[in-house]
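Computed from heavy atoms alone, side chains included, the values below leave out hydrogens, waters and symmetry copies.
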Amino acid sequence: MRKFFQLLLQAVKGEETDYTKGNINRAIILLSVPMVLEMVMESLFLVADVFFVSRLGHEAVSILGLTESILMLMESIAIGLGMAATAVVARRIGEKDEEGARVGAVQAVILGFSLSIIIAVLGVYFSKEILSLMSGDEALAGYGQGYFSIMFGFNITLMMIFVLNSIFRGAGDAAIAMRILWIANGINIILDPCFIFGLGPFPELGLEGAAVATNIGRGTAVLLQLFVLFNGRSLIKVTIKNFKLHLATIKKLLRLAITASFQFLISTASWVFMVKIISGFGSEAMAGYTIAFRVIVFTVLPSWGLAMAAATLVGQNLGAGEFDRAEKSVWRCAFYNMCFLAFVSLIFFIFAKQFIMIFDQDPAVVKNGILALRIICVSYVFFAYGMVISQAFNGAGDTTTPTIINFIAFWIVQIPIAYGLSVTLNFGPSGVYWAIVISNCLSAIIGVIVFKKGKW
């Protein structure tokens, strides 16, 4: 036990380690612990956000859910670029090519900054139209326009957090990424009630206050990330002379990022369609689903830390020519992830009502939240494997395979089943939730079969 706690302490400290050698379990712990803790803090932020916003009424929570569904389209681009950065940086680190890792990192930063400017302009200009299209309610769209505009206008903070932390993870410096996200979300959790309700010297901004708090926290984190990256405080050390265009690297990043982004866009766009269907059953159904989704993400994000650890281990070990070690790392990460999510699903199924009522006591909202939470957690065990396998492909630089799997599971299967069950067969919102379960299971099964063939 003493050695185990020493290992945990080493993981949190972020001491420099060669993940291509030594005990695999030790490597998984050193990489995944800071990633899991990082995602735990992100989970706390999401739960705290909906907790404070829910005090403004279920219309405000609906806006949170609608905005998040669209914002996740942008996040898909950020995640795709981040996965490309992780794959390139991890491969160069595995090859002991530090200069190549620095070049890849800088080009990812340049791409992320450029894309965020385009997204900001489009998001702010069409904010009301997008919300009206999603909600079908002009009054609700007008109420949420300010929140939506702030979140998209300052999307650069979210984009750069994804990209820069992906660079740190690819280099094996997960502890830096963890600390920075702690700071970002810690600031947001503190400022959220201050700006929403006007505590002390802060102005009372209502729903818009949640957006202001979020972007102040994330903006502070981005400044810290850039300071660490350019001041040699991380395992990857970038200098100003590296800050120039490298077209060959940009082309490689774009090739990986486009397919990786499309991979996440497929699942996110499918989720937007799910939200559109649910919103048709009323704001109580939308609020219940939004709360349940935040609760689900509270546990899914930490398990995502294990998946990201698998991506880094695959990238670095392939770069070092350790192919068997790369594969073993994936299977072990997937097994640990399954054990964790199986336990969580049991807790959620039993205590669904208690979890939902933390955020809202409206009987209709609680009923819808319980329904969503209990049904979706049925697929947790399959989802655990699918998540890790997908990230393993990405870490190997194969972003095409998980894209195809997502297209089959989420577009060919999930959308038609969701619409058919909920609308055509009159199952209501539960039809959407069962469609999510079916697609998650299918995605995992296909991923495992393809991964075992070894072509990655």
Side-chain angles (χ1 to χ4, degrees), residues 50 53-54 57-70 72 130-141 143-144 266-300 345-380 382-383 409-443:
V50 75
V53 169
S54 66
H58 59 258
E59 291 86 1
V61 177
S62 295
I63 289 296
L64 203 66
L66 290 168
T67 302
E68 187 172 333
S69 67
I70 303 300
M72 282 184 72
I130 294 171
L131 279 176
S132 296
L133 178 65
M134 286 297 297
S135 65
D137 187 331
E138 287 290 332
L140 190 64
Y143 171 61
I266 288 171
S267 57
T268 302
S270 174
W271 185 68
V272 170
F273 193 86
M274 302 298 106
V275 170
K276 176 63 176 174
I277 295 175
I278 293 168
S279 67
F281 295 101
S283 60
E284 290 86 357
M286 187 65 230
Y289 173 69
T290 299
I291 292 170
F293 182 77
R294 288 295 179 105
V295 172
I296 288 169
V297 169
F298 181 75
T299 51
V300 166
S345 65
L346 181 63
I347 298 298
F348 277 176
F349 196 86
I350 296 172
F351 299 107
K353 183 177 181 180
Q354 287 79 0
F355 280 111
I356 301 300
M357 289 190 71
I358 293 173
F359 306 96
D360 203 311
Q361 283 75 46
D362 185 306
V365 173
V366 172
K367 179 182 177 181
N368 279 282
I370 292 172
L371 188 68
L373 192 57
R374 283 182 171 165
I375 293 177
I376 294 174
C377 75
V378 170
S379 63
Y380 258 25
F382 287 89
F383 185 61
F410 298 119
W411 280 83
I412 294 180
V413 174
Q414 187 184 83
I415 292 177
I417 290 178
Y419 187 83
L421 290 177
S422 63
V423 179
T424 306
L425 298 180
N426 296 317
F427 277 44
S430 64
V432 175
Y433 308 145
W434 280 115
I436 292 172
V437 170
I438 293 168
S439 61
N440 282 344
C441 294
L442 180 64
S443 174

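The ring-ring contact (aromatic ring centres under 6.0 Å, His included) test applied to F355 returns F348, not counting sequence neighbours. With sequence neighbours excluded, the residues satisfying side-chain hydrogen bond (donor to acceptor under 3.5 Å, both in side chains) with N440 are S379. Applying the side chain to side chain contact (heavy atoms under 4.5 Å, CB included) rule to A60 yields the partners V53, L56, Y143, L207; only residues at least two apart in sequence or on another chain are considered. Applying the side chain to side chain contact (heavy atoms under 4.5 Å, CB included) rule to F382 yields the partners C441, A444, I445; only residues at least two apart in sequence or on another chain are considered. Remark: S443 engages no residue in a side-chain hydrogen bond (donor to acceptor under 3.5 Å, both in side chains) (not counting sequence neighbours). Every side chain to side chain contact (heavy atoms under 4.5 Å, CB included) that S345 has, sequence neighbours left out, goes to C377, Y380. Take A292 and apply the side chain to side chain contact (heavy atoms under 4.5 Å, CB included) test, not counting sequence neighbours, and it matches I356, A372, L373.
Between the side chain of T424 and the backbone N or O of L421, no donor-acceptor pair lies under 3.5 Å.
In this structure, I291 CD1 and M357 CE are separated by 11.0 Å, a value rounded to the nearest 0.5 Å. Atom NZ of K276 is separated from atom CD1 of I415 by 14.0 Å, given to the nearest 0.5 angstrom. Atom CD1 of I412 is separated from atom CG of L442 by 9.5 Å, given to the nearest 0.5 angstrom.
For residues 364-377, the set of pairs meeting the side chain to side chain donor-acceptor pair (under 3.5 Å) definition, not counting sequence neighbours, is empty. Annotation: ring-ring contact (aromatic ring centres under 6.0 Å, His included) contacts involving residues 412-439, sequence neighbours excluded, comprise Y289-Y433.
Shown here for I277 and S422, the closest heavy-atom pair between the two residues is CG2-OG, 3.4 Å. Across every non-hydrogen atom of S270 and F410, the tightest pair is OG-O, 3.2 Å. For the pair D362 and D360, the tightest heavy-atom approach, listed with the atom from each and the gap, is N-OD1, 2.8 Å.
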> Could you go step by step and tell me if V275 and M286 meet the side chain to side chain contact (heavy atoms under 4.5 Å, CB included) rule?
Replying inline: CA-CA 7 Å; V275 170; M286 187 65 230; 3.6 Å; yes
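Under the side-chain contact (heavy atoms from CB on, under 4.5 Å) rule, F359 has a single partner from V295, V366, V61, which is V295.
You'll find the side chain of Q414 stays beyond 4.5 Å of the side chain of I438, heavy atoms only.
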